[in-house]
*Asks:* 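Sharing a structure here in structure tokens format.
Scope of the values below: all heavy atoms of this structure, side chains included, with no hydrogens, waters or symmetry mates. So you know, we letter chains A, B, ... as the sequences are listed, proteins then strands, and number each from 1.
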Amino acid sequence: MMSPAPGQESPTPGSAAASSVSPGTQPLLQLRGVDKHFGAVQALYHVNLDLPAAQVTALCGDNGAGKSVLTRCIAGIHQPDRGEILWNGKPVHIRGPRDAADLGIEVVYQDLALADNLDIVQNMFLGRERVHRGLLNEDSMERAAAETLRNLKVTTVRSIRQPVASLSGGQRQAVAVAKAVMWNSKLVLLDEPTAALGVVQTRMVLDLVRTLRDHGLGVMVISHNLNDVFQVADRIAVLHLGRKVAEGPATDFDLQSVVEYMTTGSSRR
Amino acid sequence: MAKVEDEVGQTALDEEAEPTAAAEIAAPPEILAESLGQYIRAWGRRVAGGESGALPVVLALVIIAVAFEVWTQGLFLSPQNLVNLFIESMVFMTLGMAEIFVLLLGEIDLSAGYVLAVAAGIAGLLVQKPGPDWPWWLAIVTALVCSGVTGAIWGLLVSKLHLPSFVVTLAGLLIMWGVMLVILGNAGVVSISSRILVNQHVLYQIVNGNIPPVAGWVGLAVLSLLFAGLTISRDFGRRRKGLVAPPPGLTLLKIAFFVAAGIAVVAVCNVNRGSSLVVLAGVPWVVPIVLVVLLLWIGLLQRTKFGRYVYAIGGNPDAARRAGISLATVRTWAFALAGVTAGFSGILYLSWQGGTSTNVNGGQYVLYGVAAAVIGGTSLFGGRGKIAQAVLGGLVIGAIYNGLYLQGVQVQWQLIATGLVLVGAVLVDTLSRRGTLSGSATRI
């Protein structure tokens with residue numbers, strides 16, 4: 001089957017714009033016709049995507065499908081060459097991580113972006129330290145960090161002042177997520193949150209994702225692991241070679257169809 | 001369903017409880033311990049696990065002291081020599097502090113030795129009469145500003161143009177060497193040992209002047225009370241608020257250690273090291289001056305955003321960038337502060353020697369500075385280290401230097417001995433990383 005021309009949506013479940021979102025509620029974030037190329041390489045072709053609040057949207061795609069570039073465009077690390085990003089329906093320009101954070105967008109990268117030599121509190125507040133008369137306000141930061149971890153039901157760390165180097169993989173993921181959500185963030189992007197985790201720790205992280213959704217946050221999970229996707233996702237979007245080939249409620253998909261979209265860009269179902 | 005999840009949660013707890021053995025080694029013992037006993041046990045496990053902290057350098061100091069004391073038949077630990085040793089070590093300590101600013105970033109500053117020489121030259125020339133005859137404080141400020149600007153230039157080249165700091169500051173070493181030769185001119189010597197010219201005499205007295213013995217004790221008392229007050233109010237305050245705090249016994253032990261070290265220094269310095277006719281006693285002014293700089297830099301690195309960012313960049317530059325930290329700004333400032341601190345050691349050098357000349361071996365000094373930092377426990381790979389470690393490292397270098405000099409050992413053997421100690425220190429740094437800690441693979 002031929003891949004659709006740029007700018008055209010292939011017929012997919014729920015392909016009409018935003019049809020998967022219940023009418024009347026506006027998606028938190030909308031991408032409209034986003035293009036991005038690096039030199040001769042076109043990484044994204046006219047991508048449209050909706051990320052509603054209080055729902056987990058899974059972004060699937062094979063290696064090189066453009067998941068990371070898309071994430072970085074939302075995070076402000078890359079600027080789209082063309083197209084619009086709408087936040088609560090209004091066009092916005094996200095010129096850097098700081099702009100994204102100001103809107104309420106947080107990204108948890110696959111490598112977690114934690115400084116091993118700093119402790120949990122220091123990592124959670126990195127770049128946004130609380131200051132009192134020019135000096136770091138450690139007491140206030142420690143209390144806030146402890147409260148966030150409690151809200152997320154992360155109870156396994158022994159001391160909040162442990163260096164991150166001494167944490168397990170699941171604990172590190174939890175710290176990275178806690179770091180992302182403690183800023184009244186409204187949308188959290190998780191890049192492969194369960195990669196390299198054992199079964200139990202994966203369950204812990206997926207529970208964490210559900211907790212975020214239950215708190216009303218919009219969540220986008222990028223994952224290769226379709227089992228995890230079907231466990232937590234309310235909506236699924238699939239990228240294939242830089243094009244979004246499918247988007248809709250998770251119930252419209254099954255494992256087989258997602259795999260077909262990921263590998264061929266279309267599905268017979 | 002809820003029950004299943006509960007069970008999963010429980011299993012998660014059980015599994016997560018496992019890595020605590022590793023955590024106990026990687027985490028500082030004071031944050032996990034509730035009592036002094038627990039602290040000591042946790043500390044013991046840490047040392048056994050390869051995270052030995054300040055232990056090797058303290059042991060090295062004790063071994064060096066005992067060895068030289070025996071070798072020099074009691075001369076080494078005499079009050080007179082100990083004061084000399086303190087004074088000699090000050091230049092190494094401050095150069096070590098300068099290096100720590102950039103080592104924490106995973107960078108290096110090879111120019112610091114000749115920045116020292118140029119700063120000494122500038123300050124010395126500015127108080128000459130006939131000549132500029134500037135006030136002493138203006139001469140110092142000018143020398144420090146020039147050093148800071150120099151450092152900032154290296155910093156800009158490193159952070160904006162992404163040149164390796166090794167090469168930039170190696171070029172800086174040569175440039176500053178040349179600048180030193182230019183400003184000292186044909187004479188090649190500057191002296192500030194005039195007793196009549198106030199501006200020269202003040203500079204000379206920084207290292208060679210002593211605090212009257214009684215004032216020394218009063219100063220120590222005030223300092224001890226301040227230290228005790230601040231430490232107790234912070235540690236016990238955090239404990240009361242339910243925040244992570246060291247066990248009370250450890251807080252008291254820290255204070256006791258501080259007071260004991262202070263008493264030892266003041267007592268040694270207050271012994272008459274002149275003759276029965278000309279009394280020479282008291283703590284050299286340089287000791288409290290370096291202490292103030294030390295406290296300033298500790299405050300800057302541990303209590304401000306800038307310091308936090310220095311550690312973050314050293315630990316994980318990508319994480320720092322994504323947190324919105326301007327790496328270029330922090331790096332440039334760190335190099336500038338390293339420059340200022342190297343300039344400060346230049347002032348100390350000028351005062352100590354009563355002048356300066358084109359013979360200053362800046363290449364050797366900078367390596368002693370790096371050695372002081374590394375021997376003290378600062379990592380060459382960034383992110384790990386404390387400014388105070390330069391004090392211990394500087395003392396080790398000063399002790400070797402002083403002891404071998406006392407024994408009349410030729411300079412070549414001083415170099416070899418210092419080199420061997422440096423290799424030992426790097427070995428400890430590398431082994432502690434490769435040791436038991438390799439369990440947490442992400443450590444560099």
Side-chain angles (χ1 to χ4, degrees), chain A residues 75-77 96-101 107 109 111-119 121-123 125-131 134-139 142-143 146 153-172 174 176 179 198-201 203-204 207 210, chain B residues 5 8-9 11-20 22-28 30-33 104 234 237-238 241-245 299-300 302-305 307-309 311-326 379 382-385 437 439-444:
Chain A
I77 294 172
R98 198 70 79 160
D99 284 1
V107 187
Y109 293 93
D111 62 7
L112 303 182
L114 300 173
D116 274 350
N117 57 335
L118 299 184
D119 66 34
V121 181
Q122 293 171 341
N123 264 294
F125 276 88
L126 188 58
R128 289 181 267 206
E129 288 79 4
R130 288 186 188 166
V131 175
L135 298 180
L136 295 171
N137 191 346
E138 296 285 355
D139 293 10
E142 188 173 324
R143 243 178 266 126
K153 308 188 182 77
V154 180
T155 50
T156 60
V157 292
R158 233 180 122 187
S159 164
I160 196 166
R161 286 295 181 183
Q162 262 173 271
V164 166
S166 63
L167 300 180
S168 72
Q171 290 174 327
R172 294 165 66 91
K179 175 188 176 186
V199 176
V200 177
Q201 300 203 348
R203 285 299 290 263
M204 184 185 120
D207 284 343
R210 290 190 197 101
Chain B
E5 278 193 354
V8 170
T11 334
L13 274 174
D14 292 345
E15 194 191 271
E16 292 292 332
E18 276 308 303
T20 46
E24 247 166 55
I25 292 168
E30 64 267 21
I31 61 163
L32 298 178
L104 281 176
R234 192 182 74 211
R238 284 177 63 84
K241 289 182 211 152
L243 302 169
V244 177
L300 187 67
Q302 307 297 331
R303 299 261 170 273
T304 69
K305 279 189 173 193
R308 182 65 41 87
Y309 295 168
Y311 280 95
I313 294 173
N316 187 345
D318 278 336
R321 188 179 301 117
R322 288 185 206 151
I325 297 168
S326 164
S379 171
R384 298 207 306 170
L437 281 175
S440 48
T442 37
R443 251 165 194 272
I444 306 163

*Asks:* Does B/Asp318 have any side-chain hydrogen bond (donor to acceptor under 3.5 Å, both in side chains) partners at least two apart in sequence or in another chain, and if so, which?
*Replies:*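 With sequence neighbours excluded, B/Asp318 shows a side-chain hydrogen bond (donor to acceptor under 3.5 Å, both in side chains) to B/Arg321, given in chain and number order.
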*Asks:* For A/Asp111, is it the side chain, the backbone, both or neither that has a heavy atom under 4.5 Å from a heavy atom of chain B?
*Replies:*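 For A/Asp111, the side chain is the part near chain B, not the backbone.
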*Asks:* Please answer whether the main-chain N or O of B/Gly324 pairs with a side-chain N or O of A/Arg98 as donor and acceptor at a distance below 3.5 Å.
*Replies:*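 A pair under 3.5 Å: yes.
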*Asks:* If I compare all heavy atoms of A/Ser159 with all of B/Val244, which pair ends up nearest, and what's the gap?
*Replies:*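 It is OG-CG2, 3.9 Å.
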*Asks:* Over all heavy atoms of both residues, which pair between B/Tyr309 and A/Arg128 is shortest? Give the atoms and the distance, please.
*Replies:*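 Minimum heavy-atom separation between B/Tyr309 and A/Arg128: OH-N, 4.3 Å.
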*Asks:* Do you know the tightest heavy-atom contact between B/Ala319 and A/Ala113?
*Replies:* CB-O, 3.2 Å
*Asks:* If we define contacts as heavy-atom pairs under 4.5 Å, which of B/Gly307, B/Ala312, B/Ala320 has the most with chain A?
*Replies:*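 Max contact count across the listed options: B/Ala312.
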*Asks:* About how many Å separate CD of A/Glu142 and NZ of B/Lys241, when rounded to the nearest 0.5 Å?
*Replies:*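 Rounded to the nearest 0.5 Å, the NZ-CD separation comes out at 10.0 Å.
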*Asks:* Measure distances from A/Leu135 to the heavy atoms of chain B and classify the residue's part below 4.5 Å as side chain, backbone, both or neither.
*Replies:* both
*Asks:* Between A/Leu126 and B/Ile325, is any pair of side-chain heavy atoms under 4.5 Å apart?
*Replies:*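 Counting from C-beta outward, A/Leu126 and B/Ile325 do come under 4.5 Å.
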*Asks:* Is it the backbone or the side chain of B/Tyr311 that comes under 4.5 Å from a heavy atom of chain A, or both, or neither?
*Replies:*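 Both parts, backbone and side chain.
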*Asks:* Which residues pass the side-chain hydrogen bond (donor to acceptor under 3.5 Å, both in side chains) test with B/Ser326, not counting sequence neighbours?
*Replies:* B/Thr329
*Asks:* If I measure from the heavy atoms of chain A, does B/Arg322 come under 4.5 Å with its side chain, its backbone, both, or neither?
*Replies:*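 Answer is both: backbone and side chain atoms of B/Arg322 are under 4.5 Å from chain A.
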*Asks:* If you apply the rule side chain to side chain contact (heavy atoms under 4.5 Å, CB included), what do you find for A/Leu118 with B/Arg308, and how did you get there?
*Replies:* CA-CA 9 Å; A/Leu118 299 184; B/Arg308 182 65 41 87; 4.2 Å; yes
